[in-house]
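Here is the structure we will look at.
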Amino acid sequence: MVRILTLASGAGSNFQRLLEEHSHHPFDAQFVGLIVDRPNTGASSIAERNSVPVSMVEYAAFEERSHFEAALLQCIHSFEPDLIVGAGFMRILPEEIVHKFQNRIMNLHPSLLPAFPGLHPQRQALARGVKVSGCTVHFMDSGVDTGPIIAQSVVQIPEGCDEQTLTDLIRIEEHELLPRAVRMFCEDRLRVEQGIVNIRKSV
Ligand code: GAR
């Protein structure tokens, strides 16, 4: 049984989809907790409705980033996770956590990495005039959106598309992609060799 800890900062639609997928087509996992970095997130309401324990490590409540990181580390350890899933978590994780949970932290990012890492990837994509974008699930390393890529989905960008429309189009794909990646992890199908994720066929 894989103990999954989710990290989120926002509405939590991807977290919701993960819970739904697990309840409709179960995989060998237990959602042991949710950590949020701010109050009043949609994600925490979803966790409460689904009896998933919620902890808040409020970024704004700490005067120094290092204190926030220490509290986050302690909170993560308290859940004893096997897999950490960043589902719209808008903080960079401290090196110590990334190192400790190497190839056990997934991040969801709304672009086709390595294109457009960092903030506002949809805006970056539109500004560059690319004709396709999409979303990526990858293992976190110590860089910004640079870790081994697990899965990606492509979105065609319509003529005249604005940032919100692109965000919505990408989110439709994210709702399929993240559960698929988490399921593959829980089925022990992901192997990382020299920075490349190899996926074993399902049996
Ligand atoms: C998702 O679009 C995810 O790709 C993005 O936050 C959104 C969360 O939506 N993550 C990042 O930008 C991380 N850098 P949700 O709260 O509805 O799941």
Side-chain angles (χ1 to χ4, degrees), residues 4-23 31 33-50 52 54-59 65 68-69 72 76 83-94 97-98 101 105-128 130 132-157 161-183:
I4 300 178
L5 171 65
T6 308
L7 310 183
S9 304
S13 71
N14 283 284
F15 175 47
Q16 166 98 48
R17 272 291 298 127
L18 265 181
L19 294 172
E20 283 168 8
E21 177 71 11
H22 184 247
S23 97
F31 289 86
L34 170 79
I35 300 178
V36 291
D37 64 344
R38 61 195 71 182
N40 305 318
T41 63
S44 10
S45 313
I46 291 164
E48 279 153 19
R49 282 203 298 279
N50 288 276
V52 175
V54 185
S55 286
M56 180 169 68
V57 183
E58 190 179 356
Y59 182 75
R65 189 177 166 88
F68 165 74
E69 290 183 348
L72 183 61
I76 287 175
L83 172 66
I84 300 170
V85 177
F89 190 63
M90 304 310 273
R91 304 268 159 223
I92 292 168
L93 291 180
I97 297 179
V98 172
F101 291 92
I105 309 174
M106 279 185 190
N107 183 44
L108 172 65
H109 184 78
S111 79
L112 292 176
L113 292 171
F116 313 127
L119 286 177
H120 307 302
Q122 299 92 333
R123 198 179 299 171
Q124 294 183 53
L126 292 172
R128 188 64 184 78
V130 294
V132 295
S133 188
C135 46
T136 302
V137 179
H138 65 96
F139 285 122
M140 251 187 208
D141 65 8
S142 53
V144 177
D145 302 321
T146 49
I149 290 171
I150 301 166
Q152 296 184 297
S153 270
V154 177
V155 166
Q156 297 287 334
I157 302 183
C161 186
D162 63 17
E163 191 176 347
Q164 187 56 52
T165 306
L166 181 56
T167 299
D168 295 343
L169 290 171
I170 290 174
R171 191 155 297 142
I172 293 168
E173 295 302 317
E174 290 181 333
H175 287 175
E176 301 303 317
L177 193 71
L178 185 62
R180 183 149 63 81
V182 169
R183 177 184 295 279

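Values below: every heavy atom of this structure, side chains too, minus hydrogens, waters and symmetry copies. Counting starts at 1 for both ligands and their atoms, in listed order.
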Out of all atoms in ligand 1, which are within 4.0 Å of some heavy atom of [X]? Include the element for each.
X    : answer
G88  : 6 (O), 8 (C), 10 (N)
M90  : 11 (C), 12 (O), 13 (C)
P110 : 4 (O), 5 (C), 10 (N), 11 (C), 12 (O)
R171 : 2 (O), 7 (C), 9 (O), 17 (O)

What residue and atom, counting heavy atoms only, is the protein's closest point to [atom], and at what distance?
atom                    : result
atom 2 (O) of ligand 1  : E174 OE1, 2.8 Å
atom 16 (O) of ligand 1 : G12 N, 2.7 Å
atom 17 (O) of ligand 1 : S13 OG, 2.6 Å
atom 13 (C) of ligand 1 : L108 O, 3.7 Å

Item checked: Polar contact flag, side-chain donor to acceptor under 3.5 angstrom, D168-T165 ->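 Note: D168 and T165 side chains miss the donor-acceptor criterion.
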Next item on the list: Please indicate whether I97 has more than 12 foreign heavy atoms, meaning atoms of other residues, nucleotides or ligands, lying under 6.0 Å from its CD1.
Entry: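 Above 12, so yes.
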Next item on the list: Quick one: pull up CG in N107 and CD1 in I84 and give me the separation to the nearest 0.5 Å.
Entry: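 The CG atom of N107 sits 11.5 Å away from the CD1 atom of I84.
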Item checked: From SG (C135) to CG (L177), nearest 0.5 Å ->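 Answer for the SG-CG pair, C135 versus L177, is 5.0 Å.
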Next item on the list: Using non-hydrogen atoms of the residue, decide whether A8 is closer than 4.0 angstrom to ligand 1.
Entry: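 The answer is no, since A8 has no heavy atom less than 4.0 Å from ligand 1.
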Side-chain donor-acceptor pairs of residues 4-19 under 3.5 Å, sequence neighbours excluded:
{"residue": "S9", "atom": "OG", "partner": "D37", "partner atom": "OD1", "Å": "3.1"}
{"residue": "S9", "atom": "OG", "partner": "D37", "partner atom": "OD2", "Å": "3.4"}
{"residue": "S9", "atom": "OG", "partner": "M90", "partner atom": "N", "Å": "2.9"}
{"residue": "S13", "atom": "OG", "partner": "H175", "partner atom": "NE2", "Å": "2.8"}
{"residue": "N14", "atom": "ND2", "partner": "E174", "partner atom": "OE1", "Å": "3.4"}
{"residue": "Q16", "atom": "NE2", "partner": "E20", "partner atom": "OE2", "Å": "3.1"}
{"residue": "R17", "atom": "NE", "partner": "H175", "partner atom": "O", "Å": "3.0"}
{"residue": "R17", "atom": "NH2", "partner": "H175", "partner atom": "O", "Å": "3.1"}

